[in-house]
Amino acid sequence: MIDKRDTIAAIATASGAGGIAIVRVSGGDAEDILRQLFIPASKREYFESHRLMYGRAVDGDGGTLDEVMAVLMRAPSTYTREDVAEIHCHGGGVSAGAVLERALALGARMAAPGEFTRRAFMNGRIDLARAEAVMQLIGANGQAAARASLRQLEGGVSGFVRRVSDRLTDVLALLEASTDFPEEVEEEVAAERVIGGLKPVIEEIRANSDPRSARMVREGASIVLAGRPNVGKSSLMNALLNRERAIVTDIPGTTRDVLTERISIGGVVAELSDTAGRRDTQDPIERIGVDRAERAAEGADVVLIVLDAAQPLDEGDAGLVSTADARAVVCLNKQDAETVIDPERIRAMTAAPVLELSARTGQGIPELMEELSRRLSIGEESDGRLTAWRHIELAGAAADRLEAAVEAIRAGMPLDTATIDIREALDDLAEITGENATEAVIDRVFANFCVGK
């Protein structure tokens with residue numbers, strides 16, 4: 001069991017070589033430990049709160065461990081709302097390790113993973129959703145993920161939960177009034193008002209807890225180039241990356257496996273995959289590549305169907321176009337050559353966008369990038385967008401309960417039966433911010449944190 005009252009210490013910066021390594025101490029003994037560990041260079045330094053000082057970190061005999069900067073931050077204006085001391089050493093593990101060992105010898109204990117942020121949560125500085133945003137920001141794989149984490153850290157998710165919960169509380173009040181004073185509120189009128197209050201809440205929760213958008217923020221999106229051999233998939237990949245990454249030849253079957261590269265589009269990190277050309281082949285190695293290409297396309301967020309506009313449409317091309325779903329964008333490549341495919345014929349075969357481009361000259365590439373940016377847009381304008389899987393599961397459970405309440409009312413069940421579902425939905429939402437989270441849930445959240453944060 002972690003003692004919330006003792007003083008903890010850890011190295012707060014990443015391991016390895018670097019300009020600075022920071023040792024962080026938090027708890028009631030932080031100031032006393034700092035005064036024994038750090039000697040200011042100037043006698044005029046009086047350990048004023050939140051003032052950075054220059055001096056030496058020393059061992060028990062007064063010997064110099066490192067030339068450092070140090071700062072004392074007195075509660076409650078600190079990250080943990082406890083007294084916090086930080087010693088800024090030279091980068092690398094040796095100096096910071098020696099300073100940490102000295103802090104531990106002076107009475108601190110080694111912090112558990114995420115324990116500084118956990119103390120911030122336990123001391124009421126942040127709620128659980130904001131605490132999770134800290135680790136999400138540290139692990140963000142792109143600008144979109146970083147922005148989503150910052151919005152969550154600034155209270156976007158918490159504000160969304162609070163707003164939705166307030167509206168559900170109003171619906172509960174209406175339910176209780178209709179139950180307590182049936183002579184004043186007709187049951188049919190009350191039922192319609194309750195349904196009218198719940199439906200927009202359900203829609204808002206669903207809109208802000210889309211698993212696909214959340215996955216793209218957390219893990220990145222997947223874009224797959226599909227088409228028969230020699231239509232210019234590899235050239236298009238190189239054009240999108242703006243560098244030579246895929247091998248380009250006139251020999252069919254050059255690409256025999258899925259070649260992947262990461263690209264940032266509109267702040268979303270995407271995995272761009274060039275796949276083997278789809279055709280019937282007796283080559284067992286190429287056949288494996290074709291199979292992998294088909295599997296990659298099945299799991300992609302966006303599929304770029306690449307056609308050679310300078311060659312007649314064959315049966316394989318027509319099959320790809322006619323079976324294209326909402327994820328597809330048809331790319332009529334090689335517009336720099338004499339084209340034989342009529343774009344209008346392709347548009348008549350599919351609801352997917354049809355773009356005319358040339359991977360060799362760059363024609364149409366900006367328009368394709370704009371289309372990809374639109375496809376990967378994750379609705380960042382919404383402060384309440386949920387990106388953590390735990391939040392999405394809880395919000396989904398809340399929406400399910402509210403839908404059950406609506407169905408029960410429409411089925412003619414007594415109005416007060418809906419009260420149970422609404423209260424359980426409120427409990428689900430409250431668990432997002434940690435208002436009613438169990439110790440086991442809290443432990444699970446902070447177990448994913450790094451030591452020192």
Side-chain angles (χ1 to χ4, degrees), residues 113-114 117-118 120-121 125-165 201-223 262-271 299-302 327 372-402 425-437 441-450 453:
T117 303
R118 182 171 185 148
F121 165 66
R125 182 181 175 274
I126 54 176
D127 60 29
L128 197 56
R130 292 185 181 187
E132 289 170 291
V134 173
M135 200 59 199
Q136 289 172 24
L137 182 58
I138 293 172
N141 65 0
Q143 286 298 319
R147 289 194 295 267
S149 300
L150 282 171
R151 287 195 302 275
Q152 185 174 324
L153 184 59
E154 292 168 353
V157 169
S158 304
F160 165 73
V161 170
R162 185 170 55 254
R163 291 192 303 272
V164 170
S165 298
V201 173
I202 295 170
E203 291 171 2
E204 186 174 358
I205 292 174
R206 297 291 192 201
N208 282 280
S209 54
D210 175 41
R212 176 179 174 272
S213 295
R215 176 184 54 76
M216 288 198 297
V217 171
R218 294 192 315 268
E219 304 168 12
S222 171
I223 303 171
R262 293 172 76 82
I263 184 173
S264 180
I265 301 175
V268 176
V269 174
E271 187 177 77
D301 294 301
V302 180
R327 301 170 302 148
L372 290 175
S373 181
R374 187 186 67 79
R375 292 294 186 96
L376 302 185
S377 173
I378 53 175
E380 292 185 65
E381 70 282 354
S382 173
D383 286 341
R385 178 75 62 179
L386 307 181
T387 57
W389 185 243
R390 187 182 75 88
H391 302 172
I392 290 173
E393 285 187 319
L394 289 167
D400 290 344
R401 297 187 198 279
L402 297 177
L426 283 167
D427 287 341
D428 290 329
L429 294 171
E431 191 170 327
I432 292 176
T433 56
E435 291 178 40
N436 62 352
V441 169
I442 295 170
D443 287 342
R444 188 162 61 249
V445 167
F446 287 102
N448 296 321
F449 276 58
C450 55
K453 192 57 184 172

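All heavy atoms count here, side chains included; hydrogens, waters and symmetry mates do not. Keep in mind the model is a prediction, meaning the values are calculated, not measured. Residues take their numbers from the sequence shown, with the count starting at 1.
Within the 4.5 Å cutoff, the side chain of Ile223 has heavy atoms near those of the Ile265 side chain. Side-chain contact check for Arg385 versus Asp210: some heavy-atom pair is nearer than 4.5 Å. For the pair Ile442 and Phe121, the minimum side-chain heavy-atom distance is below 4.5 Å.
Residues passing the side chain to side chain contact (heavy atoms under 4.5 Å, CB included) test with Asp427, sequence neighbours excluded: Asn436. Arg162 is linked by a side chain to side chain contact (heavy atoms under 4.5 Å, CB included) to Asp166, counting only residues two or more places apart in sequence or in another chain.
Atoms CD and CG, from Glu132 and Asp127 in turn, are 9.0 Å apart once rounded to the nearest 0.5 Å. Separation of atoms CZ (Phe160) and CG (Leu429) is listed at 7.5 Å; rounding is to 0.5 Å. Atom OG of residue Ser158 and atom CZ of residue Arg151 lie 13.5 Å apart, to the nearest 0.5 angstrom. To the nearest 0.5 angstrom, Thr387 atom OG1 is 11.0 Å from Asn208 atom CG.
Only one option out of Leu128, Val134, Ile126 pairs with Arg130 in a side chain to side chain contact (heavy atoms under 4.5 Å, CB included); it is Ile126. Applying the side chain to side chain contact (heavy atoms under 4.5 Å, CB included) test between Leu402 and each of Ile205, Leu426, Asp428, Val164 identifies Ile205 as the sole match.
With hydrogens and angles disregarded, a donor-acceptor distance shorter than 3.5 Å links the side chain of Asp301 to the backbone of Ser222. Arg327 places a side-chain N or O within donor-acceptor distance of the main-chain N or O of Ala300, the cut-off being under 3.5 Å. Side-chain atoms of Arg390 come within 3.5 Å of backbone atoms of Ile432 as a donor-acceptor pair (strictly under, hydrogens ignored).
Residues Met135 and Cys450 share a closest heavy-atom pair of CE-N, 3.6 Å. Nearest heavy-atom pair across Gln152 and Ala129 is NE2-O, 2.7 Å. Nearest heavy atom pair, residue Phe449 against residue Gly114, reads CB-CA, 3.3 Å.
Comment: Asp400 engages Arg206 in a salt bridge, judged by a side-chain N to carboxylate O separation of less than 4.0 angstrom.
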